[in-house]
Amino acid sequence: MQGTQTRYSQLFGKTLRNFPTDETSKNAKFLIKAGFINKRIAGVYEILPLGKRVVSKIENIVREEINAIGGQEVSMSVLQPKELWSETDRWEKLKGAMYQFKDSSGKDVGLGFTHEEPMISMVRERISSYKDLPIYLYQIQSKFRDEPRPRSGLIRGREFLMKDLYSFTTSKEELDKYYEIVAKAYKKAFDRMGLDTVYTEAAGGVFTNENTHEFQVLTDGGEDTIFHCENGDFSENKEIAKVKEGGKCPKDGGKIKESRGVEVGNIFRFGDVMSKKMNFNFKDKDGKDKPIFLGSYGLGITRSMATIVEVHSDDAGIIWPETVAPYKIHLINLGGEKVRKESDSIFDKLCNDQVEVLYDDREESAGVKLADADLIGLPERWVVSEKTLKEDSVEVKKRSEKDIRLEKISSI
RNA sequence: CGGGGAUUGGCGCAGUGGUAGCGCGCACGGUUCGGGACCGUGAGGUCGGCAGUUCGAAUCUGCCAUCCCCGACCA
C-alpha cells in the first residue's frame, strides 16, 4: 500500500514536456504526458505510481460493489493448459486471438483470454451439491488478447486489467435474477467513478448466442457505434441494431440517436451451454444431476481509467473525479525559502490529517508547477506564496472550477 | 491481414552523398520566483537492424523489425 502523501520531487514518473507523437487518443496522450503510464509495445502499457493509484481506486470501487452482491475474490492462473479450452472447442475458435504457444516440453499452453473454462474447472472440482449454490467468484487480473490492431491507448490493448465475475446458479431464473443484480451493481460502480453509462443490448460473439448487455460511455473517443433513444431507456449496439438514426424508439417513440461509445463493461448469460460441454453439474434435491447455469460479467479496469480521461479533461489536462484521483490535493509552493518553510509545515499538517496530498516541492518556476498541476488534474490545487502568506492563507482552486478562494492556514 | 505514413541523444525535431546538429530535459555554478524564466559550463547519439551501391551512406537500393493511421477483425 502506498502512502497517502508524496513529495513530487521523489515521485517516479514525472510529467513530460511534449505529448508523445506516436499516440493520437486523448487518454494515451494525457496519461503518458502526465506520467501515469508508460508504453511498452503496441497495445501494452506499464502503470507508473500515479496511474497505479488510480487503478487501485477503481479496483476498490469495483471490489466494494461486487462484494456487496456476494462476490468472493479469487485469483486464477494466467497460464492455462490447452486441454481445458478444448473441452468447449474454444482453443480452436480463439486461434489468432488468444496467445497460444508451446512450453519447452512441447506442451500447448495459452495466456488467459477470459476465464470461463478455468473457473468452471475449479468450481467443478469443489462443488457438487445444490446446497453449495449459488456461488459468485471474481478476480481482478490481466487479460491477454492478440489484437490484430491495438489502438486508442488503453481502450483497446493486448494486455489489460479486467475484473471478471462468474455466477454459478441452479436455474435460468436464478441466473436472470442475478444478471439484473449485477447490472445494477455495474451501473453504481461506474457512477461512482464518474462514468455515465448507457445500458446497451449487444451480440455475444464467441461467448454466447444469447444477447448480452454492454455498458457504454458516450464519447467520440469510443470505438463502438450504438443507436440509443434520446430518453435513455433504449440502446442497441450497431452490430445487432434494428433501429436507425432519426428513427423511433420501440419503447417510447422517442428519437433514436447514433453515438460513439466505449464499452467499459459487458455482461453475458451462458446459461447451461458451457456446463453441458464441460460436464459441469450439481446434484439437486431429488438426487439428480443438473447443469449449473453460468453468467459471466466483465468490467475493464484500465479501460475505465482511459475512458475517465476521455470524458473528464480540458485543453490543459485531466480533471479526475475525486473518487478515482490519485491524490486529493496538489500542494504547490511558489517563492523562496520562507514560502518553502510554510508550505512544508502545511504539508506536514495534511500528512498528519491523513489527507492524500501530492506536494510539488521542486525548485521550478511557477509556470512549470501550475501547468503540471493542470495536467495531472488532482481535484484541488493549493498554492502557497508570498502573496497568500500575507493573508496567512493558502490559495485553493478546484481543478473543475475557475473560482479561487483563500483558506486561512490556521483553519487547516 | 490489405492500404498509407514514420523510425536521428531521455523527449520533440532539423539535416537528401563528404563522416551529425538544434530546442527541451539532464549535471554543475550563479541570477530569478504567480502561468512551461535567464546566463555560463558540461555530459549524452557508430542516425531501428542486416545486406548492397560508392573512394565515401543518416542521406541511394533491397530485405527485415518496430510504431502510428484507415480498413478488415473485435471474442
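Convention: sequence-line order gives letters A, B, ...; per-chain numbering from 1.
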Nucleotides 28-34 of chain B: which of its N/O atoms have a protein N/O under 3.5 Å away?
from: B/rG34; atom 1: N7; to: A/Ser385; atom 2: OG; distance (Å): 2.9
from: B/rG34; atom 1: O6; to: A/Ser385; atom 2: OG; distance (Å): 2.3
from: B/rG34; atom 1: N1; to: A/Glu395; atom 2: OE1; distance (Å): 2.5
from: B/rG34; atom 1: N2; to: A/Glu395; atom 2: OE1; distance (Å): 2.7
from: B/rG34; atom 1: N2; to: A/Glu395; atom 2: OE2; distance (Å): 3.0

**Message:** What is the separation between atom OH on A/Tyr99 and atom P on B/rA75, rounded to the nearest whole Å?
**Reply:** 17 Å
**Prompt:** Given the C1' atoms of B/rA27 and B/rU46, what is the spacing between them in whole Å?
**Reply:** 24 Å
**Message:** For the C1' atoms, the ones on B/rG35 and on B/rC70, what distance do you get once it is rounded to whole angstrom?
**Reply:** 39 Å
**Complete:** Which of A/Asp361, A/Asp374, A/Asn333 passes side chain to side chain donor-acceptor pair (under 3.5 Å) with A/Lys369? It is A/Asn333
**Item:** Spacing of A/Leu31 atom CG and A/Leu154 atom CG [to the nearest 0.5 Å]
**Value:** 6.0 Å
**Fill in**
Sorted by position of nearest nucleotide on RNA chain B, 5' first, the leading residue of A/Asn18 and A/Gly96 is A/Asn18
**Prompt:** Salt bridge or not for A/Asp314 and A/Arg399, using N-O below 4.0 Å?
**Reply:** yes
**Asked** Which part of the nucleic acid, if any, lies within contact of A/Asp374, taking any heavy atom under 4.0 Å across all strands shown: a base, the sugar-phosphate backbone alone, or nothing?
**Response** base
**Request:** Determine, for A/Lys177 against A/Glu174, whether the closest basic-nitrogen to carboxylate-oxygen distance falls under 4.0 angstrom.
**Result:** no
Using the 3.5 Å cut-off, write out each protein N or O paired with an N or O of nucleotides 63-72 of chain B and the distance between them.
from: B/rC67; atom 1: OP1; to: A/Ala42; atom 2: N; distance (Å): 2.8
from: B/rC67; atom 1: O3'; to: A/Lys39; atom 2: NZ; distance (Å): 3.4
from: B/rC68; atom 1: OP1; to: A/Lys39; atom 2: NZ; distance (Å): 2.9
from: B/rC69; atom 1: OP1; to: A/Thr24; atom 2: OG1; distance (Å): 3.2
from: B/rC70; atom 1: OP2; to: A/Arg149; atom 2: NH2; distance (Å): 2.3
from: B/rG71; atom 1: N7; to: A/Arg149; atom 2: NH1; distance (Å): 3.2
from: B/rA72; atom 1: N6; to: A/Arg151; atom 2: NH2; distance (Å): 3.4

**Item:** Whole-Å P distance, B/rC64 and B/rC1
**Value:** 12 Å
**Asked** Taking OP1 and OP2 of B/rC11, is either one under 4.0 Å from a side-chain nitrogen or oxygen of A/Arg17?
**Response** no
**Prompt:** If the C1' atom of B/rU8 is compared with that of B/rA14, how far apart are they to the nearest Å?
**Reply:** 10 Å
**Request:** Using the C1' atom on both, measure B/rG12 against B/rC67 and round to a whole Å.
**Result:** 16 Å
**Request:** Starting at atom NZ of A/Lys33, determine the distance to atom P of B/rG12, rounded to an integer number of angstrom.
**Result:** 12 Å
**Request:** Go through the steps for A/Arg40 and A/Glu46 under the test salt bridge (Lys or Arg N to Asp or Glu O under 4.0 Å), then give the verdict.
**Result:** CA-CA 7 Å; A/Arg40 185 80 278 156; A/Glu46 290 149 340; 2.8 Å; yes
**Message:** Using a 4.0 Å heavy-atom cut-off, does A/Lys338 contact any base of the nucleic acid, only the sugar-phosphate backbone, or nothing at all?
**Reply:** nothing
**Message:** Nearest whole Å is fine: how far is B/rC11 C1' from A/Lys29 NZ?
**Reply:** 15 Å
**Item:** Residue among A/Phe293, A/Tyr138, A/Phe282, A/Phe280 satisfying ring-ring contact (aromatic ring centres under 6.0 Å, His included) with A/Phe168
**Value:** A/Phe280
**Cationic tip of A/Lys244 above A/Phe227 ring, under 6.0 Å, 45° of axis** = no
**Message:** What verdict does the salt bridge (Lys or Arg N to Asp or Glu O under 4.0 Å) test give for A/Glu395 and A/Lys387, after you've listed the backbone C-alpha separation in whole Å, the side-chain angles of each residue and the deciding distance to 0.1 Å?
**Reply:** CA-CA 9 Å; A/Glu395 171 197 294; A/Lys387 208 165 78 184; 5.1 Å; no
**Asked** Which distance, rounded to the nearest 0.5 Å, do you find between the CD of A/Glu356 and the CG of A/Leu350?
**Response** 11.5 Å
**Prompt:** Salt-bridged, A/Arg269 to A/Asp176, with N to O below 4.0 Å?
**Reply:** yes
**Item:** Salt bridge A/Glu364-A/Lys14, side-chain N to carboxylate O under 4.0 Å
**Value:** no
**Request:** Would you kindly give the CG-to-C1' distance between A/Asn237 and B/rC73, to the nearest whole Å?
**Result:** 14 Å
**Prompt:** For RNA chain B, which consecutive runs of 3 or more Watson-Crick or G-U pairs (each distance under 3.5 Å) count as stems?
**Reply:** B:1-7 with B:65-71, B:10-13 with B:21-24, B:26-31 with B:37-42, B:48-52 with B:60-64
**Request:** Classify the side chain of A/Lys14 and the base of B/rG36 as holding, or not holding, a donor-acceptor pair under 3.5 Å.
**Result:** no
**Item:** Inter-nucleotide P distance (B/rG25, B/rU53), Å rounded
**Value:** 45 Å
**Prompt:** Could A/Arg7 and A/Asp344 be called an ion pair, given the rule that one side-chain N must be under 4.0 Å from one carboxylate O?
**Reply:** yes
**Request:** Take atom P in B/rG48 and the same atom in B/rA20, then report the distance between them in whole Å.
**Result:** 15 Å
**Prompt:** Roughly, in whole Å, what's the span from NZ in A/Lys93 to P in B/rC73?
**Reply:** 18 Å
**Asked** Salt-bridged, A/Asp89 to A/Lys93, with N to O below 4.0 Å?
**Response** no
**Prompt:** Rounded to whole angstroms, how far apart are CH2 on A/Trp91 and C1' on B/rA75?
**Reply:** 15 Å
**Message:** On RNA chain B, compare the nucleotides closest to A/Asp224 and A/Asp372; which residue's is nearer the 5' end?
**Reply:** A/Asp372
**Message:** In this structure, how many angstroms lie between the C1' atom of B/rC13 and the CG atom of A/Leu16, rounded?
**Reply:** 16 Å
**Prompt:** Mind checking the P distance from B/rA58 to B/rG49? Whole angstroms is fine.
**Reply:** 11 Å
